[in-house]
Amino acid sequence: MIHTRTLRPGDKALALAARVLRAGGLVAFPTETVYGLGARALDARAARRVYKAKGRPSDNPLIVHVADEAMLAGVVRRVTPLARRLIDAFWPGPLTLILEKSDRVPSAVTAGGRTVAVRCPGHRAARALIRALGEPIAAPSANLSGRPSPTTAAHVLRDLRGRVALILDGGPCREGLESTIVDARGRRPVVLRRGTVTDEMIARAAGIAPAPPGPAAPAAPGARHRHYAPSCRVILAPPALVRRGALAGLSGPSAGLVHRTPWPGRPPAYALRVRGGAGAYAAALFSALRGAESAGVETLYVETVPDRGVGRAVMDRLRRAARR
Ligand code: AMP
Ligand code: MG
């Protein structure tokens, strides 16, 4: 067990964080998507510590975070014309690109693969940390493997207390869902994981509609593993049932509801109503799952959203959270 400190990401804390990383240690930091658990990307031993701290299967590669294009050039073999267009449209931001890795990237980071996942985060503190280190940072989400991704420093502390030296607390994450992952090696983008950068946005920027992942482009390795599972059972509830108050199981003492549509019945033991569109729902989702869990909810009903735009990414996470 190591002592875990939580600090606001001011200049002094960033300098301390860079020292921890340089020494091969781990730092959790805010990004616009979810909190990341960072290590020096060019150091295989440091990267292996990330897997250990999270209890992450070693076949599930990490995302390399860069502060700018000069750093990108150091970790990939070549920036394809497609990657170029997507970078121009979405970086810094919640889009991760899969490209051929350079020899500098250790195979511990890529889980033995020849490709690397790379992105430039839209959060200032994240870029400031990478700059303070002066090197790319490998970082998956800062949760224990299989749990909902963390969108606040408190979530990180709950999962990783004693396993990470320092947590930089930059407040709640703006997007709240993990980055969109696109294989940008070919001419046509292949979406491996949906996020808040939608298929439509990618099509517009790339000038060509994304292809569905085929056998030639396996889904993001992480998609194979169990994900987003809070300790409570998650049941998906269509809006029509919420509107009619037709969720019989909700009357129990340990039931909860996450919803957008007004619930006409007696308020359940735990209720969280999210106001706004699919984007607002995305931003609140993981926090809601963890909130219900902390409140002792055993059965959590979660209202579904239409399966389009950002809603597709939300529904992807929800279906996995509900899978048993
Ligand atoms: P996380 O940041 O925790 O969401 O984890 C990063 C995710 O990126 C993993 O679940 C992987 O599925 C995905 N990923 C990382 N590297 C690659 C790669 N080289 N090819 C495809 N997917 C990747
Ligand atoms: Mg993750």
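Note that this is a predicted model, so its numbers are computed, not measured. All ligand and atom numbering here is 1-based and tracks the order in the structure.
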Using a strict threshold of under 4.0 Å (side-chain N to carboxylate O), is an ion pair present between R49 and D43? no

Between the side chains of R290 and D159, is the shortest nitrogen-to-carboxylate-oxygen separation below 4.0 Å, so that they form an ion pair? yes

Sidechain N-carboxylate O distance under 4.0 Å for E303, R243: no

What I want to check is whether the side chains of T196 and E175 have a donor and an acceptor closer together than 3.5 Å. yes

R56: numbered ligand 1 atoms lying under 4.0 Å from its heavy atoms: 3 (O), 5 (O), 6 (C), 9 (C), 10 (O)

Given R193, E100, E178, which one has a non-hydrogen atom that is nearest to atom 4 (O) of ligand 1? R193

Residues R84 and E69 bridged, charged N to O under 4.0 Å: yes

Which bit of T96 is near ligand 1, meaning a heavy atom under 4.0 Å away: side chain, backbone, both or neither? neither

How far apart are the C-alpha atoms of T115 and E100, what are their side-chain angles, what is the distance that settles it, and do they pass the side chain to side chain donor-acceptor pair (under 3.5 Å) test? CA-CA 4 Å; T115 60; E100 297 279 334; over 6 Å; no

By number and element, which atoms of ligand 1 are closer than 4.0 Å to a non-hydrogen atom of I98? 17 (C), 18 (C), 20 (N), 21 (C), 22 (N), 23 (C)

Would you call R104 and E135 a salt bridge, taking side-chain N to carboxylate O under 4.0 Å as the test? no

Examine the proximity of ligand 1 to T115 and report which part, side chain or backbone, both or neither, has a heavy atom under 4.0 Å away. both

Logged contact type for I181 with ligand 1, heavy-atom cut-off 4.0 Å, is side chain

Would you mind running through ligand 1 and noting each atom that sits below 4.0 Å from a heavy atom of N60? 9 (C), 10 (O), 11 (C), 12 (O)

Consider every N or O of K54 and every N or O of ligand 1, then say whether any pair is closer than 3.5 Å. no

Suppose we only count N/O/S atoms under 2.8 Å; would S141 qualify as near the Mg ion (ligand 2)? yes

Taking 4.0 angstrom as the limit and counting only heavy atoms of I63, give me the atoms of ligand 1 inside it, by number and element. 2 (O), 6 (C), 8 (O)

Is a side-chain donor-acceptor pair under 3.5 Å present for E178 with T33? no

Looking at S141, which atoms of ligand 1 are within less than 4.0 Å of one of its heavy atoms? 1 (P), 2 (O), 3 (O)

